[in-house]
Structure formats: structure tokens, C-alpha cells
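Within every chain, numbering begins at 1; the chains are lettered A, B, ... in the order of the sequence lines, protein sequences first and strands thereafter.
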Amino acid sequence: MDPEDYVERVLSVVERVPRGRVTTYGAIAEHVADPRRRGPRSVGRVMSQQGGGVPWWRVVRADGSLPPSHDDEARAAYLEEGTALRPSGRVDMPRAFWDPDDGTPGP
DNA sequence: ATCCTGACGCTAT
DNA sequence: AATAGCGCCAGGA
């Protein structure tokens, strides 16, 4: 599989995340399930370098922590689209988490 | 090949 | 809640 395809798959998953919901690096990694590039860190790298064209704020860490280096913009986006937040400022994962596999049923 | 780095994840303090 | 340690994998020097 070409590296380019991997990037496109990751980005396409992010684009499917519904408004007001979020998913995680780990969930994307599992959904893509590339035999060569495994792990959430690879997804994180893709987002850092080419996540500018997709709703990157809908991708958070597993515990609901906001995406680093852009947490202010992310928070503004959450308020704007009504994403469930906790008093702590993190995303309310039980309510806002969106699993890529639930939204994209396979063959 | 080796070393360092990092938009991760999990467990233990 | 915040920090630290370890495992993990890919990239760049």
C-alpha cells in the first residue's frame, strides 16, 4: 500500500466524523488497520502534517484531551457545533465519541 | 543500521 | 487532575 493511500484513508475517516461528535487517534488507527503502518502515533503524524484540510478538531486523544497546539480553536469549534464538553474543558467522550466502524459498515 | 523525536495509549503514582 | 514511565511505530538526520 502506498503511503499516499494511507494518508487518504485517515483523512477520509476524519471527514466522516459527524458535526458535534469526535473520534480518537486510536479508533482511526484500528479502522484503517494498515498492516504496515499501525498505531495511533502514525495517525497523529498524518494529522500534524496534512490535517489542515479536514475537521482536525474532531480528532482527540482517547481520554478526551483536546488536540495539542490548537486547543483554543478546537474549543471554539466545539461551542459552535455543540460538542458535549465536561466542566474540565475536555470532551465528554461517552456522549461525543463516534466510532468509525459504526458509521461505515463494511461489506 | 542507530539515535532522536512525537497531534498516542495505558497504568501507576 | 497532573506527571511519569513504558510500549509502540514511522520519519528524518
Side-chain angles (χ1 to χ4, degrees):
Chain A
M1 171 186 296
D2 294 314
E4 210 172 301
D5 290 339
Y6 177 75
V7 172
E8 266 190 55
R9 285 209 217 174
V10 170
L11 296 181
S12 74
V13 171
V14 177
E15 284 172 348
R16 285 194 196 93
V17 179
R19 201 184 152 76
R21 310 284 297 286
V22 299
T23 192
T24 68
Y25 298 96
I28 294 173
E30 286 183 14
H31 179 76
V32 173
D34 187 318
R36 286 187 351 190
R37 294 174 188 33
R38 291 174 208 179
R41 308 203 65 137
S42 296
V43 175
R45 207 185 79 77
V46 170
M47 292 306 290
S48 75
Q49 298 188 350
Q50 354 201 11
V54 297
W56 51 263
W57 58 90
R58 293 177 192 159
V59 184
V60 301
R61 295 204 280 200
D63 63 354
S65 301
L66 274 48
S69 301
H70 294 284
D71 50 330
D72 284 333
E73 293 176 58
R75 228 166 303 209
Y78 296 152
L79 291 177
E80 198 273 333
E81 61 185 54
T83 304
L85 295 174
R86 301 188 51 165
S88 58
R90 289 175 298 159
V91 175
D92 188 341
M93 291 307 276
R95 286 214 289 153
F97 177 67
W98 176 81
D99 190 342
D101 291 317
D102 292 344
T104 59

Legend entry - Residue pair A:Arg86 / A:Arg95, side-chain heavy-atom distance below 4.5 Å: no
Inset, instruction - Using whole Å, report how far CD of A:Gln49 lies from C1' of C:dG12. - result: 10 Å
Inset, instruction - Measure the shortest side-chain to side-chain distance between A:Tyr25 and A:Val59 over non-hydrogen atoms and say whether it is less than 4.5 angstrom. - result: yes
Inset, instruction - Report the residue (A:Arg37 or A:Arg86) whose heavy-atom-nearest nucleotide on DNA chain C is the more 5′ of the two. - result: A:Arg86
Legend entry - For A:Val60, the option from A:Asp71, A:Val91, A:Thr83, A:Thr23 that meets side-chain contact (heavy atoms from CB on, under 4.5 Å): A:Val91
Restricting to nitrogen or oxygen on both sides, can you table the protein-nucleotides 9-13 of chain B pairs closer than 3.5 Å?
| from | atom 1 | to | atom 2 | distance (Å) |
| --- | --- | --- | --- | --- |
| B:dG9 | OP1 | A:Gly26 | N | 2.8 |
| B:dG9 | OP2 | A:Ala62 | N | 2.8 |

Inset, instruction - Round to the nearest Å and state the distance from A:Arg38 atom CZ to C:dC8 atom P. - result: 12 Å
Legend entry - Whole-Å distance separating the CG atom of A:Leu66 from the C1' atom of B:dC8: 15 Å
Inset, instruction - Run the salt-bridge test on A:Arg9 and A:Asp5 with the 4.0 Å N-O cut-off and return the result as yes or no. - result: no
Inset, instruction - Step through the shown structure and confirm whether more than 12 heavy atoms of other residues, nucleotides or ligands are within 6.0 Å of CD on A:Gln49. - result: yes
Legend entry - 5' precedence on DNA chain C between A:Ser88 and A:Gly39 (nearest-nucleotide basis): A:Ser88
Inset, instruction - Considering just the side-chain nitrogens and oxygens of A:Arg45, establish if one lies under 4.0 Å of OP1 or OP2 belonging to B:dC8. - result: no
Inset, instruction - May I ask you to test the A:Val43-A:Tyr6 pair for a side-chain heavy-atom distance under 4.5 Å? - result: yes
